[in-house]
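What follows is a single structure, written as structure tokens, with notes after it.
Chain identifiers are assigned alphabetically (A, B, ...) following the order of the sequence lines, protein sequences preceding nucleic acid strands; residue numbering begins at 1 within each chain.
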Amino acid sequence: MEWQSLPVPLSQLRLALVLPSGQSFRWRAAGNQFSFCLHDRVVVVRQDAEKLYYRTILPDPQPSPLELPLRTAETTLWINDYFHLGVDLAALYTEWQKRDQFFASISTRFSGIRILRQDPFENLISFICSSNNNITRITKMVNALCTNFAPRLLSEDGVDYHPFPTPQALASPSVEKTLRDLGFGYRAKFIQKTAQMLVETHGDDAQKFLAGLRTTPTDVAREELLKFMGVGRKVADCVLLMSLDKNEVVPVDTHVYQVAVKHYGLKGSSSKPNMTPKLYADINTRLASIWGEWAGWAQSVLFASDLKAFSSYDASANAAETLPTPPPTPALKRKNDSDEVESTPSRRRKRT
DNA sequence: CAACGACCTGATAA
DNA sequence: ATTATCAGGTCGT
């Protein structure tokens, strides 16, 4: 299917910083493109300085020429919704820069970072995986969920695409052991229990229930999320911000904690995080008052700036191949570092 | 109610 | 080489 496009400058959205930075763990990077599997289609995106390009891949049988415009229109709607394209990010940056000197000091290097509007169930399960964990392993776990608990939708360029599993698919008691065997550790039980609870209390309307929290007051929605196994304050806040439209919520993770003590004079009572509910609330309300109504969005900029993976990121390099910086930290170990040729040979070159 | 240790795993640092 | 620490925390006591 043909490429479509929307006029979106890099100041409004920078895919290279938003998609791999730990909001969604399911975007597949290949060169300068990213692909993502929805329940009924795969969406591929890329961008240049002025435009966001996107393409739809549908499973067989392909739709008739008459149906095609409808399908592409659906993708356009999804793109606008998922990327919150109605939100003027550049205006928000200007506001945060006025309010906050430290934000201003990093915002040039890290422009175009915005909050995605994710599917609530995927968001919830993904962030249950995130506890006391790192982005590389979370990504592997989320992919394992898809390949093991959702049927393959289609294959493209030798890659199998699976959507995110349904709550029903993860609710069976047998799921826990399967997840343990897949290396999920203690999170195996949390995931199965959360899915089971969702299905038991809401049946086929489980997804609708979660989506309904979008129009529920923040505090009430948070209480609902905290009922799930493996969901504490931090994960609940991530879901509130990233899929339930609570733009003011500031999740306080280890990164934000570090930044808060270093640049905002929050007291780190000891050398170890020692994150008490009180300290969490202090940091949360403090940052919210500094940044304002869209504080959660500002948080995502700080978070990305503190990621080691982006420590050598150069915002002025629009075309990735013009980046002169030689092989930087070995800590950054991308799956696909081949920026041009993607001939899909046998991957897994982990030879020692 | 606050504090504290246990918890799966895999990748770096020490 | 072996051990300690860290990674977008939460749970049970």
Side-chain angles (χ1 to χ4, degrees), chain A residues 17-26 110 113 115-116 118 122-145 175-194 197 222-223 225-243 249-261 268-284 287 295-311 328-335 348 350 352:
Chain A
L17 286 181
V18 173
L19 266 19
S21 67
Q23 286 191 53
S24 170
F25 302 92
R26 228 154 58 74
F110 294 93
I113 296 177
I115 294 295
L116 303 171
Q118 299 191 58
E122 172 179 345
N123 190 202
L124 176 64
I125 299 298
S126 298
F127 276 81
I128 287 175
C129 294
S130 77
S131 74
N132 200 9
N133 205 348
N134 59 72
I135 291 180
T136 305
R137 182 155 80 113
I138 299 164
T139 302
K140 284 178 185 158
M141 289 163 68
V142 170
N143 276 306
L145 281 177
V175 169
E176 179 181 346
K177 172 165 172 41
T178 307
L179 291 178
R180 275 273 177 182
D181 294 342
L182 287 169
F184 278 62
Y186 58 78
R187 302 165 195 83
K189 180 160 83 170
F190 297 167
I191 292 167
Q192 186 271 322
K193 289 294 183 196
T194 291
M197 180 177 159
R222 182 184 288 118
E223 289 307 312
L225 294 173
L226 289 173
K227 292 176 183 172
F228 295 114
M229 180 105 310
V231 178
R233 176 67 192 267
K234 153 59 174 63
V235 169
D237 281 359
C238 283
V239 176
L240 290 171
L241 173 65
M242 299 175 186
S243 63
V249 171
V250 179
V252 182
D253 51 66
T254 56
H255 292 280
V256 172
Y257 174 84
Q258 308 281 354
V259 174
V261 297
S269 52
S270 58
S271 55
K272 278 211 67 167
N274 186 22
M275 183 60 71
T276 64
K278 172 166 167 45
L279 180 55
Y280 186 106
D282 281 353
I283 296 175
N284 188 292
L287 294 179
W297 288 50
Q299 173 271 354
S300 74
V301 179
L302 270 280
F303 176 81
S305 76
D306 199 51
L307 278 184
K308 267 187 294 185
F310 294 144
S311 61
T329 62
L332 174 53
K333 204 177 302 180
R334 288 204 139 84
K335 291 269 179 51
R348 186 184 291 105
K350 198 63 172 290
T352 45

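Looking at which nucleotide of DNA chain C each of A:R187 and A:R233 is closest to, the 5′-most match is held by A:R187. Nearest-nucleotide mapping onto DNA chain C: of A:V235 and A:N132, the residue sitting toward the 5' end is A:N132.
In terms of the side chain to side chain donor-acceptor pair (under 3.5 Å) criterion, A:N134 has no residue partners (sequence neighbours excluded). In this structure, the side chain to side chain donor-acceptor pair (under 3.5 Å) partners of A:R222, at least two apart in sequence or on a different chain, are A:D219, A:D237. Residues meeting the side chain to side chain contact (heavy atoms under 4.5 Å, CB included) test with A:A144, sequence neighbours left out: A:N148, A:F184. Under the rule for a side chain to side chain contact (heavy atoms under 4.5 Å, CB included), the partners of A:K177 that lie at least two apart in sequence or sit in another chain are A:D181. A:D306 meets the side chain to side chain donor-acceptor pair (under 3.5 Å) test with A:H255; sequence neighbours excluded. Residues meeting the salt bridge (Lys or Arg N to Asp or Glu O under 4.0 Å) test with A:E176, sequence neighbours left out: none. Take A:S243 and apply the side chain to side chain donor-acceptor pair (under 3.5 Å) test, not counting sequence neighbours, and it matches A:N123.
Backbone-only contact: A:R180 has heavy atoms under 4.0 Å from sugar-phosphate atoms and none from a base. The residue A:M242 sits close to a base: some heavy atom pair falls under 4.0 Å. Counting any heavy atom pair closer than 4.0 Å across all strands shown, A:V252 reaches no nucleic acid atom. A:S21 comes within 4.0 angstrom of a base, heavy atoms only.
The separation of C:dT10 from B:dA11, taken at their C1' atoms, amounts to 22 Å, rounded to a whole angstrom. Rounded to a whole angstrom, the distance from the P atom of B:dA6 to that of C:dA4 is 14 Å. With P as the reference atom, C:dT13 and B:dC8 are 14 Å apart, rounded to whole Å. Taking atom C1' in both C:dC11 and B:dC1, one finds a spacing of 16 Å when rounded to whole Å. C:dC6 and B:dG5 have their P atoms separated by 15 Å, given to the nearest Å.
Look at CZ on A:F310: it is 11 Å from P on C:dG8, rounded to the nearest Å. One interatomic measurement links the two molecules: CD1 of A:I138 to P of C:dT10, which rounds to 12 Å at whole-angstrom precision. Atom CD in A:Q23 sits about 11 Å away from atom C1' in C:dG8, given to the nearest Å. Rounding to whole angstrom units, CG of residue A:N284 and C1' of C:dG8 are separated by 15 Å. The distance from atom CG of A:D253 to atom P of C:dC6 is 16 Å, rounded to the nearest whole Å. Taking atom CG of A:D181 as the reference point, atom C1' of B:dC8 lies 13 Å away to the nearest angstrom. As rounded to whole Å, 11 Å separates atom P of B:dT9 from atom CG of A:N133. If you measure from atom NZ of A:K140 to atom C1' of B:dA11, you get 9 Å, rounded to the nearest angstrom.
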So what is the 5' to 3' dot-bracket string for DNA chain B, if pairs are Watson-Crick or G-U wobble with both distances under 3.5 Å, crossing pairs use [ ] and | means the partner sits on another strand? ..|||||.||||||
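Across all their heavy atoms, A:I113 and A:A304 have their closest contact at CD1-CB, 3.5 Å. Nearest heavy-atom pair across A:V250 and A:G296 is CG2-N, 4.0 Å. Considering every non-hydrogen atom in both A:S21 and A:F310, the closest pair reads CB-CE1, 3.4 Å. The two residues A:N143 and A:F25 come nearest to each other via the heavy atoms ND2-O, 4.1 Å. Of all heavy-atom pairs between A:I115 and A:S300, the closest is CD1-CB, 3.5 Å.
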Worked check of side-chain contact (heavy atoms from CB on, under 4.5 Å) between A:Q299 and A:L287: CA-CA 8 Å; A:Q299 173 271 354; A:L287 294 179; over 6 Å; no
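No donor-acceptor pair under 3.5 Å is formed between the side chain of A:Q23 and the backbone N or O of A:M242. Put simply, the side chain of A:T194 never gets that close to the backbone of A:I191: no donor and acceptor are under 3.5 Å apart.
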Return a table of donor-acceptor pairs under 3.5 angstrom between the side chains of residues 124-132 of chain A and protein atoms on other chains or two or more places apart.
| residue | atom | partner | partner atom | Å |
| --- | --- | --- | --- | --- |
| A:S126 | OG | A:E122 | O | 2.7 |
| A:S130 | OG | A:F127 | O | 2.7 |

Pairs: protein N or O with nucleotides 11-13 of chain C N or O, under 3.5 Å:
| residue | atom | partner | partner atom | Å |
| --- | --- | --- | --- | --- |
| C:dC11 | OP1 | A:G230 | N | 2.9 |

What's touching nucleotides 2-6 of chain B from the protein side, N or O pairs under 3.5 Å?
none

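Within residues 296-303 of chain A, the residues that place at least one heavy atom under 4.0 Å from DNA chain C are, in residue-number order, A:Q299, A:F303.
The side chain of A:T136 places no N or O atom within less than 4.0 Å of a non-bridging phosphate oxygen (OP1 or OP2) of B:dA11. The side chain of A:R137 contributes no N or O atom lying less than 4.0 Å from OP1 or OP2 of B:dA11.
Put simply, the side chain of A:Y186 and the base of C:dG9 share a donor and an acceptor less than 3.5 Å apart.
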